Amino acid sequence: MAGDGDCARCCFSFVFTSGLAALFLWLSLRPYKPTLYIEDFSVPALNLSDNSAAARNNHTILFKLTLRNQMKDKGVGYANISLVFLYNSTLVVANHTLPAFYQGHGKTAHRKEAVEAAGLPWVEALASNGSVRFRVRAATRVKSKIMLWFTKSHALLVAGDVEVGASGRKVKKKSIKLKSGVAGPHSRWLRMGLATLFTFFIL
Ligand SMILES: *[C@@H]1O[C@H](CO)[C@@H](O)[C@H](O)[C@H]1NC(C)=O
Ligand SMILES: *[C@@H]1O[C@H](CO)[C@@H](O)[C@H](O)[C@H]1NC(C)=O
Ligand SMILES: *[C@@H]1O[C@H](CO)[C@@H](O)[C@H](O)[C@H]1NC(C)=O
Ligand SMILES: *[C@@H]1O[C@H](CO)[C@@H](O)[C@H](O)[C@H]1NC(C)=O
Ligand SMILES: *[C@@H]1O[C@H](CO)[C@@H](O)[C@H](O)[C@H]1NC(C)=O
Ligand SMILES: *[C@@H]1O[C@H](CO)[C@@H](O)[C@H](O)[C@H]1NC(C)=O
């Protein structure tokens, strides 16, 4: 008597939970935040082939930041983007704020800017003879726009190391991707781990 009803219910719950698991996995695995890159980075004062006083006394860091929204179905609203520059990856030497903006689906934006790094130990940096390491940290909040609605905003905290060579320019030819170092509650690995656990639990 119970046979058919139970089977249907069981079948329904199986389809429902697998569907839910699939949805959860899909949500976890696809990109949900934009990606930031240091596309260019140069420090004229660290150009060893330019010995002019003008170059030596130029305490500017020139950089180009790329912001990529790789999500094809969502726009991204960025709050003010705060950038911090660290010498040797430890000493804060400059900071800069990029204004808030909105970025459409699959779009890439470039910001070419200059910052004054007065706090940098220039004599020491120059003495390191063509290999100076910087770290760039970016902090902002992003919210996704799905059709007409914005989601709740999430913190985006990323950083990357940039090696500056004897030419005063970034050594790596390729853009440097800024990554989230500390595993926050929205860390990708945590989400993937949870999704996997959830799937196993259901199966
Ligand atoms: C370094 O200085 C040399 C000589 O002034 C110049 O030709 C070169 O373009 C400079 N390099 C960078 C990365 O600015
Ligand atoms: C430093 O050098 C950059 C690039 O050559 C230039 O745009 C900037 O105006 C210079 N800054 C100063 C204070 O000379
Ligand atoms: C964003 O930065 C601008 C100046 O760069 C400032 O006037 C504004 O108050 C900032 N907005 C927020 C929400 O911090
Ligand atoms: C930068 O790093 C070099 C080598 O690791 C070290 O000798 C120097 O003391 C450091 N300087 C600062 C200001 O941290
Ligand atoms: C960074 O910005 C804060 C205020 O926003 C300022 O007090 C501090 O001096 C800045 N640091 C450097 C190294 O420019
Ligand atoms: C700095 O580099 C130049 C060539 O790259 C080399 O001739 C010189 O000996 C180096 N100096 C030090 C202190 O390492």
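Predicted, not measured: the structure shown is a model, and the values here were computed from it. Order of appearance sets the numbers: ligands from 1, and atoms from 1 within every ligand. Position 1 is the first residue of the sequence, and the numbers go up from there. The figures that follow rest on heavy atoms only: side chains count, while hydrogens, waters and symmetry mates do not.
Every salt bridge (Lys or Arg N to Asp or Glu O under 4.0 Å) that R133 has, sequence neighbours left out, goes to D161. By the salt bridge (Lys or Arg N to Asp or Glu O under 4.0 Å) test, K107 is found to be paired with no residue, residues two or more places apart in sequence or in another chain being considered.
Side-chain polar atoms of T66 and E39 form a donor-acceptor pair below 3.5 angstrom.
In this structure, Y102 belongs to a hydrophobic cluster whose other members, linked by side-chain heavy atoms under 4.5 Å apart, are F150.
Protein residues lining ligand 2, listed by chain and number: P44, N58, T60, L62 [non-hydrogen atoms, distance under 4.0 Å].
Atoms of ligand 1 lying under 4.0 Å from at least one heavy atom of S49, given by number and element, are 1 (C), 2 (O), 3 (C), 4 (C).
Note: F63 and F85 have tilted aromatic rings, judged against thresholds of 30 and 60 degrees for the angle between ring planes.
Ion pair D40/R169 flagged as a salt bridge, since at least one NZ, NE, NH1 or NH2 atom sits closer than 4.0 Å to an Asp/Glu carboxylate oxygen.
By the criterion of a heavy-atom distance under 4.0 Å, the backbone of S167, and not its side chain, is placed next to ligand 1.
Among the atoms of N80, some N or O lies under 3.5 angstrom from an N or O of ligand 3.
Within 6.0 Å of NZ in K145 there are more than 12 heavy atoms belonging to other residues, nucleotides or ligands.
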